Amino acid sequence: MSFLTLDHVSHHYFSNRNYTKALDDISFTVKEGEFVALLGPSGCGKSTILSIIAGIIRHTAGEVYVNGQPLHKAELDIGYMLQQDYLFPWKTIIDNILIGPKIRHNQSKATRERALGLLSQVGLSDITEHYPDSLSGGMRQRVALVRTLITNPEILLLDEPFSALDYQTKLKLEDLIWDLLRIYSKTSVLVTHDIGEAIAMSDRIILMDANPGSIAKTFEVPLELRNETPFLVRRHPKYQILFDKVWAKLNQNEESSLQQKVVESSNET
Ligand SMILES: Nc1ncnc2c1ncn2[C@@H]1O[C@H](COP(=O)(O)OP(=O)(O)OP(=O)(O)O)[C@@H](O)[C@H]1O
């Protein structure tokens, strides 16, 4: 059974009297424990989808279900990881991690021990009393990951969490997160522009189109790739085959949307 369902979801924004149709008729499901990537060009509505799932914005049409219940009734426990880590510079690493439990009045000894255990799993046991300014970008994102996992969320929303990192750090972090999410069987939705990252990390790729944001095609990642770590996936022969298929579809969509724009502008003049 599906854990999360987006059923014919559309969304438009109104700002300064401007109307933007951000999403048009989006339908997909995410199974429990599944890792789904939303891939697409800038402005196709990837972050809008995450904001809708997180309950930050209310979609204009359609419905979102969690375990068959409408999202607004489901009280979904969410972990949100962003490009920026948003660590508080005046708090130590352990205090940054324990902010979520503190807000929920759940700062038990067991929670602290869980935090220390997670820090050790991401290779950061020695820095609990350090401040974020003394850490590298990759270390800070590892802390952000622990802070996201400490409340044991039902679903993890990852909004380009690697895009501010250098390539080497990004590859290492992909492996670490992939490993941890499988250990804890976390249901996850990753937003990315990066085809390689989508293939390496996920079970399924939802490729999106822009203007307005819609689903162009869904690609299942072959089992042989899903069983490898993200780093090793990139060496697998099936990786290149899938990469080429996604790349071809992405280019085909971009070209047809460019042609449409040219036709529209020539009709206006
Ligand atoms: N608060 C807002 N007010 C008005 N329009 C918005 C708002 N947020 C997003 N949009 C518009 O909605 C569309 C989808 O934006 P969104 O940020 O969801 O896309 P995205 O695929 O996540 O883009 P990117 O990859 O650049 O982050 C875009 O046209 C964007 O300009």
Side-chain angles (χ1 to χ4, degrees), residues 4-30 35-64 71 76 78-86 137 141 144 148 155-167 170 173-174 177 188-202 204-219 243 246-247 249-262 264-265 268:
L4 178 77
T5 304
L6 272 77
D7 187 18
H8 299 288
V9 168
S10 296
H11 186 70
H12 52 249
Y13 290 103
F14 281 110
S15 57
N16 302 328
R17 297 191 185 166
N18 284 327
Y19 168 90
T20 308
K21 184 148 197 177
L23 296 176
D24 183 32
D25 199 21
I26 301 286
S27 294
F28 66 86
T29 59
V30 184
F35 195 121
V36 169
L38 296 175
L39 174 74
S42 191
C44 71
K46 304 180 294 295
S47 301
T48 301
I49 291 180
L50 288 197
S51 297
I52 289 170
I53 298 170
I56 297 167
I57 55 174
R58 173 93 177 118
H59 44 285
T60 341
E63 194 50 275
V64 181
L71 176 70
L76 180 63
I78 284 160
Y80 215 136
M81 201 175 158
L82 301 153
Q83 183 179 343
Q84 261 184 298
D85 54 62
Y86 294 108
Q141 273 305 57
T148 309
I155 186 164
L156 222 63
L157 305 178
L158 306 162
D159 198 349
E160 301 189 49
F162 313 111
S163 56
L165 303 172
D166 64 79
Y167 192 63
K170 169 189 150 102
L173 208 62
E174 278 180 9
I177 291 187
S188 311
V189 181
L190 167 76
V191 156
T192 182
H193 293 107
D194 182 337
I195 303 176
E197 184 172 289
I199 298 173
M201 298 284 293
S202 67
R204 196 148 47 90
I205 300 168
I206 296 172
L207 179 66
M208 294 187 64
D209 250 349
N211 303 313
S214 51
I215 296 179
K217 195 170 166 65
T218 299
F219 297 87
F243 190 104
V246 178
W247 177 251
K249 185 71 188 162
L250 200 60
N251 279 321
Q252 181 194 331
N253 293 345
E254 257 178 30
E255 269 174 31
S256 61
S257 96
L258 208 63
Q259 275 170 10
Q260 197 183 333
K261 273 187 193 158
V262 172
E264 279 169 8
S265 66
E268 280 166 17

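Counting convention: from 1, in listed order, for ligands and their atoms alike. Scope of the values below: all heavy atoms of this structure, side chains included, with no hydrogens, waters or symmetry mates. Every value quoted in this text rests on a predicted model; they were computed, and no experiment measured them.
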Give me the residue, atom name and distance of the protein heavy atom closest to [atom].
atom: atom 2 (C) of ligand 1; result: Tyr13 CD2, 3.5 Å
atom: atom 19 (O) of ligand 1; result: Gly45 N, 3.1 Å
atom: atom 26 (O) of ligand 1; result: Ser42 OG, 2.5 Å
atom: atom 14 (C) of ligand 1; result: Gly43 O, 3.4 Å

As an exercise, identify every atom of ligand 1 less than 4.0 angstrom from a heavy atom of [X].
X: Ser15; value: 3 (N), 4 (C)
X: Thr48; value: 14 (C), 15 (O), 16 (P), 18 (O)
X: Lys46; value: 18 (O), 19 (O), 20 (P), 21 (O), 22 (O), 25 (O)

Do [X] and [Y] touch side chain to side chain, with heavy atoms closer than 4.5 Å?
X: Phe219; Y: Ile195; value: no
X: Ile52; Y: Ile26; value: no
X: Ile49; Y: Val191; value: no
X: Leu165; Y: Glu174; value: no
X: Ile177; Y: Met81; value: yes

field: Polar contact flag for Ala22 and ligand 1 (N/O pairs, less than 3.5 Å)
entry: no

- request: Using a 4.0 Å heavy-atom cut-off, say whether Cys44 meets ligand 1 through its side chain, its backbone, both or neither.
  value: both

task: Tell me which part of Met208 gets within contact of ligand 1: side chain, backbone, both or neither, using heavy atoms under 4.0 Å.
output: neither

query: Are Gly213 and ligand 1 in contact, using a heavy-atom cut-off of under 4.0 Å?
result: no

Stepwise side-chain contact (heavy atoms from CB on, under 4.5 Å) test for Leu158 and Phe35: CA-CA 10 Å; Leu158 306 162; Phe35 195 121; 3.9 Å; yes

message: Taking NZ in Lys249 as the centre, count heavy atoms belonging to other residues, nucleotides or ligands within less than 6.0 Å. Is the count above 12?
response: yes

- prompt: What's the shortest heavy-atom distance between Ser27 and Ile215, and which atoms?
  reply: O-CD1, 3.3 Å

